[in-house]
Amino acid sequence: DGTVWATPGYDPQTGMLLAARGALPAIPAAPTVEHARAALEVLRALLAGYRWADEFSESVALSLILTKVARHLMPTAPLHLLTSPTAGSGKTQITEAASLIADGVHPSLSSWPGDDDEMRKVISAALLAGESFICFDNIANGRTLRSAALDRTLTAPVVADRRLGTSETMTLVNGATWCATGNNVTPCADMVRRVIVSRIDPCTERPWERPFAWTPAQYAREHRAELLAAALIVLAAHLRANPGPLAPPMQSFGDWSRIVRDALLWLGLPDAVRSQDAIAD
């Protein structure tokens, strides 16, 4: 309903206990669209050093941050893919920043498995361990992403699998935020509709040599409370305003579309889901 619980202690309405390490900046009890616009600029400052290949890519990067913060509100969420023409463009930095803002820790980084059976094992192991942020990092250059196991997982709030080495079936709650990074990587087949893509184009052959005042991960560590509060204000203000659907709901990701996608559209940003158009073409 747009209420933010930011006071350390027990919340009788939700039955949850907040044991915070440090205080958040003040969050308005009834944040307005003006509060949300100011908060959005705080989040955009984190990504100020990036050059985007299209108008949708910044929205996808911001969506990853908001999705990680609000993932518990939605049964499913699309995979966020960050890709670029060359190495050193800052893709992993964005995934690290999203995890640091939401959880205060670095994300779990995995390699893209060699086949679908290995993918199934990776998924089950990660969910069994309670991983909340899973990133397939540094996928091989030019790879086409295809995985029936991951397709099923992205659209399933609960995943059933056989426990390794036994005939026992285990049921795993899928509350994770899924993302991937790689150079010139493209989803295909059924994965196309389950992925939104941020394309980074630093417009240089040696992007790792670019000077930056800070890296996103460093900035997220040093300004975590401010960035987390900003994400909460954006989400809360939109939920409280309840402007109604601003785009047709994304199939299988209706709650994500309403909570995250529409929040960015409400603030005037391009539609992150339109990043799928180039993949589909």
Check: Val197 main-chain N/O paired with Ser275 side-chain donor or acceptor under 3.5 Å: yes

Considering all heavy atoms, the nearest Tyr50-Ser89 contact: CE2-O, 3.5 Å

Presence of salt bridge, Lys68 and Asp103, under 4.0 angstrom: yes

Side-chain donor/acceptor of Arg240 to backbone N/O of Thr3, under 3.5 Å: no

Nearest atoms (heavy-atom pairs only) where Ala148 meets Asp116: N-OD1, 3.2 Å

Side-chain (Ser99) to main-chain (Val105) donor-acceptor, under 3.5 angstrom: yes

Heavy-atom closest pair, residues Gly254 and Pro249: CA-CB, 4.5 Å

Polar side-chain atom of Asn174 near backbone of Val159 as donor-acceptor pair, under 3.5 Å: no

Pro245 to Asp262 - nearest heavy-atom pair and separation: CA-OD2, 3.5 Å

CA sep, side-chain torsions, deciding dist, call: Leu81, Thr186, side-chain contact (heavy atoms from CB on, under 4.5 Å): CA-CA 9 Å; Leu81 170 64; Thr186 306; over 6 Å; no

Gap between atom CG of Leu40 and atom CG of Leu264 - 0.5 Å precision: 7.0 Å

Criterion side-chain contact (heavy atoms from CB on, under 4.5 Å) on Val69 and Leu232, from CA distance to verdict: CA-CA 8 Å; Val69 170; Leu232 290 168; 3.8 Å; yes

Thr76 side chain vs Ser252 backbone, donor-acceptor pair below 3.5 Å: yes

Short side-chain donor-acceptor distance under 3.5 Å, Asn141 and Asn184: yes

Side-chain touch Phe253/Thr155, heavy atoms, less than 4.5 angstrom: yes

Worked verdict on Leu79 versus Leu145 for side-chain contact (heavy atoms from CB on, under 4.5 Å): CA-CA 12 Å; Leu79 182 143; Leu145 303 186; 5.6 Å; no

Closest contact, heavy atoms only, Arg258 versus Leu239: NH1-CD2, 3.9 Å

Candidate pair Ile196 and Trp256, rule side-chain contact (heavy atoms from CB on, under 4.5 Å), full reasoning: CA-CA 12 Å; Ile196 56 176; Trp256 172 86; 3.8 Å; yes

4.5 Å side-chain heavy-atom contact, Met119 and Phe136: yes

Greater than 12 external heavy atoms within 6.0 Å of Arg146's CZ: no

Salt bridge present between Asp117 and Lys121 (N-O < 4.0 angstrom): yes

Exam field: side chain Thr153 to backbone Ala149, donor-acceptor pair closer than 3.5 Å: yes

Separation of Thr83 OG1 from Ile139 CD1 (nearest 0.5 Å): 8.5 Å

N/O donor-acceptor pair under 3.5 Å between Ser57 side chain and Ser198 backbone: no

Joint cluster assignment, Leu128 & Ile123, ILVMFWY side-chain distance < 4.5 Å: yes

Side chain proximity check, Arg221 to Glu96, heavy atoms < 4.5 angstrom: no

Backbone of Ala102 reached by a side-chain donor or acceptor of Arg224 within 3.5 Å: yes

Close side-chain approach of Leu43 and Leu66, heavy atoms under 4.5 Å: yes

Leu62 side chain reached by Glu58 side chain, heavy atoms, under 4.5 Å: yes

Residue pair Arg261 / Asp271, side-chain heavy-atom distance below 4.5 Å: yes

Distance-only donor-acceptor check, side chains Asn138 and Lys91, under 3.5 Å: no

Side chain to side chain, Ile200 and Ile94, heavy atoms closer than 4.5 Å: yes

Arg194 side chain to Asp151 backbone, donor-acceptor under 3.5 Å: yes

Heavy-atom side-chain contact between Leu64 and Thr177 under 4.5 Å: yes

All side chain to side chain donor-acceptor pair (under 3.5 Å) counterparts of Glu34, not counting sequence neighbours: Thr32

Exercise: identify the closest heavy-atom pair between Leu100 and Ala220: CB-CB, 4.1 Å

